[in-house]
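Written out below as structure tokens is the structure these notes cover.
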Amino acid sequence: MTQKSEDLKRRGGWLPHDQDELEDWLDGRIDRLGEDDTAPYRHPVIQEFADLIDRDAIVRMYLTRMIEEVPKTRQYSARHIESVDQLLRLIDDVLDTAPEFSEGAMVTTPLTGILDWTMGTTSGMAAYRDPRVNAILKKVLDAWAEFLNGPDSLSVLNDSPQGWMSEKAREVVGIDQFEHDPDAEHWGFTSWNDFFTRRLRRARGRSPPPTTTRWW
């Protein structure tokens with residue numbers, strides 16, 4: 001009996017289970033950017049990425065083709081990202097964004113949501129195996145991690161429908177199982193990463209594990 005293969009990104013909740021929901025999210029990010037493609041990148045690492053593409057013909061070829069090619073592994077409804085510059089601007093936009101809560105259409109890893117199309121293409125597979133691309137993507141992830149370690153990332157810890165302190169998010173997260181101050185702003189967490197690695201409540205007679213990455 002053949003078992004249907006399972007998408008690990010979706011099984012873990014990192015991307016929506018429905019491809020259309022992911023594409024709607026991506027369309028929203030593109031609409032947020034607008035059509036101005038002349039403004040400088042906000043983050044130096046994105047300019048460094050653009051410089052690498054400009055001077056390295058192989059990297060430029062990989063990234064251009066992975067946007068143009070259509071993934072063969074899943075059915076995608078439409079092309080969304082149209083150019084390398086648009087790709088860079090989308091990445092630039094999420095580097096100071098913490099994941100929001102959403103019922104059923106959560107994009108917990110926005111960089112994965114942006115690169116999803118390209119990861120299913122032949123050129124994308126070649127690009128992400130290239131050490132030059134991997135090195136610059138590590139710098140991109142380091143820049144995002146720096147933001148998620150800072151206080152500005154706490155903006156998503158609120159009680160709005162998209163906030164992690166909303167009634168539904170509390171239920172999904174099971175926040176009562178974890179150490180937090182219900183009366184403090186942002187429950188006493190100092191950053192998004194502090195919230196993400198929250199500690200389990202101390203069991204009677206036992207010490208809690210050092211950290212947990214359980215979200216729901």
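For the single chain, residues carry numbers from 1 onward in sequence order. Quick note: numbers below take in every heavy atom, side chains included, and nothing from hydrogens, waters or symmetry partners.
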Subject >> Steps toward salt bridge (Lys or Arg N to Asp or Glu O under 4.0 Å) verdict (D142, K138) >> reply: CA-CA 6 Å; D142 286 344; K138 182 182 184 302; 3.0 Å; yes

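Distance alone, capped at 3.5 Å, places no donor-acceptor pair between the D159 side chain and the M165 backbone. At least one donor-acceptor pair under 3.5 Å links the side chain of R89 to the backbone N or O of A39. Remark: the backbone N or O of T122 is paired with a side-chain donor or acceptor of E69 at under 3.5 angstrom. Not one N or O on the side chain of T121 forms a donor-acceptor pair closer than 3.5 Å with the backbone of W117. Within the 3.5 Å criterion, the main-chain N or O of Y128 finds a donor-acceptor partner in the side chain of N134. Side-chain N or O atoms of S191 include none that pairs as donor or acceptor with a backbone N or O of G150 at under 3.5 Å. Distance alone, capped at 3.5 Å, places no donor-acceptor pair between the H43 side chain and the Y41 backbone. Remark: side-chain polar atoms of Q86 are paired, donor with acceptor, to backbone N or O of E82 under 3.5 angstrom.
By the 6.0 Å contact criterion, CD on E146 is open, its count of non-hydrogen atoms from other residues, nucleotides or ligands being 12 or less. Heavy-atom neighbours of M125 CE from other residues, nucleotides or ligands within 6.0 Å: at or below the threshold of 12.
Annotation: side chain of V94 is in contact with side chain of R29 (closest heavy-atom distance under 4.5 Å). Residues M66 and L87 form a side-chain contact, since some pair of their non-hydrogen atoms from C-beta on lies under 4.5 Å apart. Looking at heavy atoms from C-beta onward, D181 lies out of side-chain contact with F189 at the 4.5 angstrom threshold. Two residues are said to be in side-chain contact when any heavy atoms from C-beta on lie closer than 4.5 Å; F147 and N193 fail this criterion.
When all heavy atoms are compared, the tightest approach of W144 to L95 is CD1-O, 3.5 Å. Between T190 and L154, the shortest heavy-atom distance links the atoms O-CD1, 3.5 Å. A pairwise comparison of heavy atoms in E100 and Q162 identifies CB-O, 3.6 Å as the closest pair. Taking both residues in full, the closest heavy atoms of P161 and S166 are given as O-OG, 4.2 Å, listed atom of the first, atom of the second, then distance.
For the atom pair CD1 (I91) and CG (L137), the distance works out to 7.0 Å, reported to the nearest 0.5 Å. Note that CD1 of I81 and CG of L26 are 5.0 Å apart. Values are rounded to the nearest 0.5 Å. Within the model, atoms CG of D194 and CG of N149 stand 9.0 Å from one another, a figure rounded to the nearest 0.5 Å.
Aromatic ring centres of W192 and W164: separated by under 6.0 Å.
Ring pair F195/W187 is tilted by interplanar angle, where 30° to 60° counts as tilted.
Ion pair D176/R201 not flagged as a salt bridge, since none of the NZ, NE, NH1 or NH2 atoms sits closer than 4.0 Å to an Asp/Glu carboxylate oxygen. The pair R132-D56 meets the salt-bridge criterion, with a side-chain N (NZ, NE, NH1 or NH2) lying under 4.0 Å from an Asp/Glu carboxylate O. The residues R170 and E167 are annotated as not salt-bridged, no charged nitrogen and carboxylate oxygen being separated by less than 4.0 angstrom. The pair E48-K139 meets the salt-bridge criterion, with a side-chain N (NZ, NE, NH1 or NH2) lying under 4.0 Å from an Asp/Glu carboxylate O.
With hydrogens and angles left out, the side-chain atoms of N158 and S160 include a donor and acceptor closer than 3.5 Å.
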